[in-house]
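Below is one structure, written out as structure tokens; comments come after it.
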Amino acid sequence: MLRTLVFVICTVLTSTVNGCPLQCSCYGTTVNCRNINIATVPSEIPNSTTILYLGSNQITSIQQGTFKDLPALHTLFVESNHITTIQQGTFQNLPALYLLYLYGNQITTIQQGAFQDLPALYELYLYGNQITTIQQGAFQDLPALYELYLYGNQITTIQQGAFQDLPALYELHLYDNQIHTIQQGIFQDLPALNTLSLSRNQITTIQPGAFQDLPALYELSLSRNQITTIQPGAFQDLPALYELYLSRNQITTIQPGAFQDLSALYELYLDNNQITTIQKGAFKDLLALDRLELNNNQITTLQEGTFQDLPALNTLKLGNNPLDCDACELGNLKLYLLNNTQLSDASATCNGTSTLVLDFNFTDCSGDLTTDDTTEINTAKFKTVASTKSTLIIVGTVGAFIAVMILVGAVIITCVILNRLNRKKKSRIQPSD
């Protein structure tokens with residue numbers, strides 16, 4: 001008992017002498033105060049600390065200047081506490097801070113200048129809080145910030161200038177919030193932004209110019225929102241956009257110019273919407289588009305030339321649409337698929353049947369299709385039939401030739417045998433004396 005008491009006293013004295021806070025564990029320059037039920041940040045943290053764990057405690061606030069004497073700190077975990085507000089200057093004088101984890105708190109507001117004077121901050125994790133508004137200047141003076149995670153909050157509004165002065169920002173995650181409008185210029189001044197995720201919000205409208213001045217944007221996700229219409233110019237000034245996700249919205253119509261000036265777009269996902277009409281020219285100038293998904297919509301027919309401006313298209317998905325094969329206009333779709341064999345797995349079936357549009361007989365539609373269309377469909381059919389006939393002719397010719405050769409061989413062999421028999425017979429008959 002006495003030995004145990006002495007050991008505890010020595011441990012406490014050693015911790016105090018070495019600067020390790022009570023109840024925390026220290027090893028090297030790492031201080032671990034995680035899950036020890038503290039309500040405030042300990043004051044005895046060594047100034048040589050590089051990694052500090054404060055997660056899973058009862059901390060409700062962080063006073064200004066709490067970390068001012070930790071010039072070497074590069075990783076700070078304050079996740080899963082009860083913090084409600086990040087005040088201005090909370091993390092000042094942390095020149096080496098590289099990673100900051102604040103997820104799983106109860107933060108509702110980020111005040112202007114909350115993260116000022118963090119020149120080395122590279123990743124900031126604020127997901128799983130209760131943030132409702134991002135104010136102007138909330139992330140100012142973060143020249144090295146590369147990844148910002150704000151998903152899983154209650155954000156409804158993003159004020160102009162909320163993301164200003166973030167020249168290095170590469171990934172911005174805002175999915176699983178309650179954002180309902182993307183105003184023009186919200187994301188301007190983000191020259192390095194590559195990935196922007198806005199899925200699982202309540203966005204109904206995308207205003208023209210909403211994503212302007214994003215020259216490096218590569219991936220944009222707007223899936224699982226409530227978007228009904230894509231206006232012309234909604235995605236203008238996105239020269240590097242490669243992947244665009246608009247799945248699971250409530251889009252009914254795609255207007256001409258909806259995707260204009262997206263010269264680098266490679267994949268476009270419009271599946272699981274309520275699309276009934278695709279106007280001619282809707283996909284104009286998408287010269288690099290390789291994959292287009294339109295499955296699980298309400299498309300009944302497609303106008304002639306709907307996909308004609310897509311020279312690089314290799315994958316087209318049209319499954320689970322109520323395509324009306326009694327509408328002769330779909331004969332143009334059949335012709336397009338026949339002439340672009342790489343798209344034969346488009347899964348376009350006639351409504352209520354398993355019959356592929358490719359297999360449907362549109363011969364009764366000659367009066368509704370243009371002369372050129374009818375000619376092309378007949379030409380496509382003729383080419384198929386002609387190809388089959390040519391094959392049969394070639395096979396028949398080869399077969400006949402082989403039969404003749406066999407017959408000739410048989411005749412030759414018969415002649416040889418008869419000739420030998422005659423010779424033997426003559427050799428047996430002796431001349432008379």
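Residue numbers count from 1 along this sequence. The figures here come from the full heavy-atom set of this structure, side chains too, leaving out hydrogens, waters and symmetry mates.
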Quick check against the 3.5 Å criterion: does N297 have a side-chain atom that pairs as donor or acceptor with the backbone of L294? yes
So, does D326 use its side chain to make a donor-acceptor pair with the main chain of D324 at under 3.5 Å? no
Whether the side chain of N105 engages the backbone of N129 through a donor-acceptor N/O pair (distance < 3.5 Å, no angle test) should be reported. no
List the steps and the verdict of side chain to side chain contact (heavy atoms under 4.5 Å, CB included) for T253 and Q279. CA-CA 8 Å; T253 304; Q279 297 184 14; 3.8 Å; yes
Taking side chain as C-beta onward, heavy atoms only, is V41 less than 4.5 Å from I45? yes
For the atom pair CG (N320) and CG (N296), what is the distance rounded to the nearest 0.5 Å? 4.5 Å
Quick one about H82 and Q106 (side-chain donor to acceptor, distance below 3.5 Å, no hydrogens or angles considered), yes or no? yes
Side chain D141, main chain Q116, donor-acceptor under 3.5 Å: no
Donor-acceptor contact present, side-chain N57 to main-chain C33, <3.5 Å: yes
Between Y170 and N194, does a side chain to side chain donor-acceptor pair (under 3.5 Å) hold up when you go through it step by step? CA-CA 5 Å; Y170 190 81; N194 174 278; 3.3 Å; yes
In a check of side chain to side chain contact (heavy atoms under 4.5 Å, CB included) between L52 and each of L73, V78, N32, which one passes? L73
Is any side-chain heavy atom of Q207 closer than 4.5 Å to one of T181? yes
The single option from D189, L190, L196 passing side chain to side chain contact (heavy atoms under 4.5 Å, CB included) against L169: L190
Is there a donor-acceptor pair closer than 3.5 Å between any side-chain N or O of K68 and the backbone N or O of Q92? no
For the student: nearest non-hydrogen atoms of P239 and P215, plus distance: CG-O, 3.9 Å
List the steps, then state whether side chain to side chain contact (heavy atoms under 4.5 Å, CB included) holds for I227 with T204. CA-CA 4 Å; I227 301 168; T204 57; over 6 Å; no
Donor-acceptor check, side chain of D176 to backbone of G152, threshold 3.5 angstrom: yes or no? no
Under 4.0 Å between a Lys/Arg side-chain N and an Asp/Glu carboxylate O for E79 and R34? yes
Side chain to side chain donor-acceptor pair (under 3.5 Å) for E171 and H173? Distances and angles first, verdict last. CA-CA 7 Å; E171 293 185 21; H173 299 275; 3.0 Å; yes
Any donor-acceptor pair under 3.5 Å linking the side chain of N249 with the backbone of N225? yes
Test: ring-ring contact (aromatic ring centres under 6.0 Å, His included). Region: residues 280-318. Which pairs qualify, not counting sequence neighbours? F307-Y336
Is a donor on one side and an acceptor on the other found under 3.5 Å between the side chain of Q342 and the backbone of L313? yes
Would you check if I83 and I59 make a side-chain contact, meaning some heavy-atom pair closer than 4.5 Å? yes
Atom pair CG/CG of D271 and L246 - distance to nearest 0.5 Å: 9.5 Å
So F115 and L124, side chain to side chain contact (heavy atoms under 4.5 Å, CB included) or not? Walk me through it. CA-CA 10 Å; F115 302 103; L124 176 55; 4.1 Å; yes
Stepwise, does the side chain to side chain contact (heavy atoms under 4.5 Å, CB included) test hold for T306 with I278? CA-CA 7 Å; T306 298; I278 300 174; 3.9 Å; yes
I'd like to check F67 versus L76 (side-chain heavy atoms, cut-off strictly below 4.5 Å). Are they in contact? yes
CG of L356 to SG of C350, rounded to nearest 0.5 Å, is 8.0 Å
Taking side chain as C-beta onward, heavy atoms only, is F91 less than 4.5 Å from I86? yes
Within-4.5 Å side-chain heavy-atom neighbours: T341 and L343: no
Given the rule in the side chain to side chain donor-acceptor pair (under 3.5 Å) test, do S223 and S199 qualify, once you have shown the distances and angles that lead to the verdict? CA-CA 5 Å; S223 299; S199 56; over 6 Å; no
Should the pair Y149 and Y127 be assigned to parallel (<30°), tilted (30 to 60°) or perpendicular (>60°) ring geometry? perpendicular
Please round to the nearest 0.5 Å and tell me the distance separating atom OG of S43 and atom CD of Q63. 12.5 Å
Interatomic spacing from CD in Q184 to CD1 in I206 - rounded to 0.5 Å: 13.5 Å
Considering only heavy atoms from C-beta outward, does the side chain of T349 approach that of T355 to under 4.5 Å? no
Value rounded to 0.5 Å, distance of CG in L102 from CG in N81: 9.0 Å
Given side chains that start at C-beta, do those of L318 and N295 come closer than 4.5 Å, heavy atoms only? no
